[in-house]
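The sequence lines fix the lettering, A, B, ..., with proteins before strands; numbering per chain opens at 1.
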2 protein chains.
Amino acid sequence: MADEPNTGLLLYIPYRWLENRVFAAMTEAGYDITTAQMKLMQRVGPEGTRLTDLAEQAQVTKQTGGFLVDQLEKGGWVERVPDPTDKRARLVCLSDKAKEAIPVAEAAVAQAEAEWQAHLGKQGMAQLRHALTRLREITDPYA
Amino acid sequence: MADEPNTGLLLYIPYRWLENRVFAAMTEAGYDITTAQMKLMQRVGPEGTRLTDLAEQAQVTKQTGGFLVDQLEKGGWVERVPDPTDKRARLVCLSDKAKEAIPVAEAAVAQAEAEWQAHLGKQGMAQLRHALTRLREITDPYA
DNA sequence: ACACTTAGTCAGTGCATCTGACCAAATACG
DNA sequence: CGTATTTGGTCAGATGCACTGACTAAGTGT
């Protein structure tokens, strides 16, 4: 089906690799969290974020988002607090545990990116990020 | 958790977008197949491929691979034929239906990539592919 | 006030993935 | 040659994540 690998596959390979790296780092540091949970949690803002917004940004249905927030809540990563401005809504906020864990994840990402930069060269890495950022303009409904 | 989006997210966004595009094109053309099935099927070689190899290349366990091949077989995409050189093994081969469908998927990919090229410029696209190909060297156990 | 939209939940389903246990054929080695 | 190990694949069971559909409750607009 493919002699020249399509760009999708080329994107997927390093993505998956990075995801596994971060997941492994978190596990090793004793944090029990899944990639889907991380993906959602990444989107939680400093003042808290509504479930609907979270789900939309992570490109899942609000049901799926709700399910993930349930897991995150059980794991002590987030809390749901009432939104003072809207009685229907609740804000998902990061717990202290989550705030502690963030540097661990960030360090794993940083290390992986450093390895990539070492391989591609500083300029190559910058070009890659630039191209991807531009691509985001036409592929991310949330850009 | 992120002010500057990490490279993983940047990779994921266009990947997911492309996957959705291709999936939608297949669905519209009347082909009923899932992305996971496509991912596996992509790896089937012209002479057929062993389940174990498929699973390994797609980075799933052989159990998962077997499950996906079951689905593909039910959908009439592939057949399992005995491997003449090894009585334990069976080769997964593409059916005529699959061979027909490939151009549809390829056209969808080509169109999406053309849109990307229009946005990034010919040179930008070439640089992107080049960087990703180089990255594959250190992130793909199958490079 | 009444209709409509928005925030979120509940119930049910299916797909993709994993681990662990297992069998049978092929290969390696003493 | 015969046993031990590796390799190809399946079965059984469980979990995670995603979906659709139907619903409640609160806010919004005319």
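The backbone N or O of T7(A) lies less than 3.5 Å from a partner atom in the side chain of E113(B), making a donor-acceptor pair. Of the possible polar contacts, none joining the R80(B) side chain to the R90(B) backbone as a donor-acceptor pair under 3.5 Å is found. Using modelled atom types, no side-chain atom of T139(B) and backbone atom of I13(A) make a donor-acceptor pair closer than 3.5 Å. Using a distance-only test at 3.5 Å, with no hydrogens or angles considered, a donor-acceptor pair links the side chain of K97(B) to the main chain of G75(B). Proximity of a side-chain donor or acceptor of T49(A) to a complementary backbone N or O of V44(A) within less than 3.5 Å is not detected.
Rounded to a whole Å, the CG atom of L91(A) is 18 Å from the P atom of dT6(C). Computed from coordinates, the Q59(B) CD to dA16(C) P distance equals 17 Å when rounded to whole Å. One interatomic measurement links the two molecules: CG of L51(B) to P of dA25(C), which rounds to 18 Å at whole-angstrom precision. Distance L40(B) CG to dG9(D) P: 12 Å, rounded to the nearest Å. At whole-Å resolution of the value, CG in N20(B) and P in dC19(D) are 10 Å apart. One can place CG of D53(A) at 12 Å from P of dT6(C), the figure rounded to the nearest angstrom. Distance, Q57(B) CD to dG8(D) P: 13 Å, rounded to whole Å. Between the CD atom of E56(A) and the C1' atom of dA18(D) there is a distance of 17 Å, rounded to whole Å.
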(request) Let me have a per-nucleotide readout for nucleotides 25-30 of chain D, 5' to 3', with B, S or -, counting only protein heavy atoms under 4.0 Å. (result) -BS---

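Here T52(B) does not reach the OP1 or OP2 of dT7(D): none of its side-chain N or O atoms lies under 4.0 Å away. The phosphate of dT7(D) has neither OP1 nor OP2 within less than 4.0 Å of any side-chain N or O from R50(B).
Partners of E115(B) according to the salt bridge (charged side-chain N to carboxylate O under 4.0 Å, His left out) rule, which considers only residues two or more places apart in sequence or in another chain, are R21(B). K62(A) pairs by the side chain to side chain contact (heavy atoms under 4.5 Å, CB included) definition with A55(A), not counting sequence neighbours.
Within residues 60-82 of chain B, the residues that have a heavy atom under 4.0 Å from DNA chain C are, in order of number, V60(B), T61(B), Q63(B), T64(B), F67(B), L68(B).
Atoms CG and CG, on L68(A) and L54(A) in that order, are 9.0 Å from each other to the nearest 0.5 Å.
Follow the hydrophobic side-chain contacts under 4.5 Å out from V81(A) and you never reach W77(A); the two are in separate clusters.
Sorted by first and then second residue, the ring pair (Phe, Tyr, Trp, His ring centres under 6.0 Å) pairs involving residues 97-117 of chain A (not counting sequence neighbours) are W17(A)-W116(A).
Each end of the helix from dA1(C)-dT30(D) to dG30(C)-dC1(D) gets its own axis, taken as the rotation carrying the C1' atoms of four end pairs onto the next four within a five-pair window, and the two axes meet at 30° to the nearest 10 degrees.
The environment of H119(A) atom NE2 is dense: over 12 non-hydrogen atoms of other residues, nucleotides or ligands sit within 6.0 angstrom.
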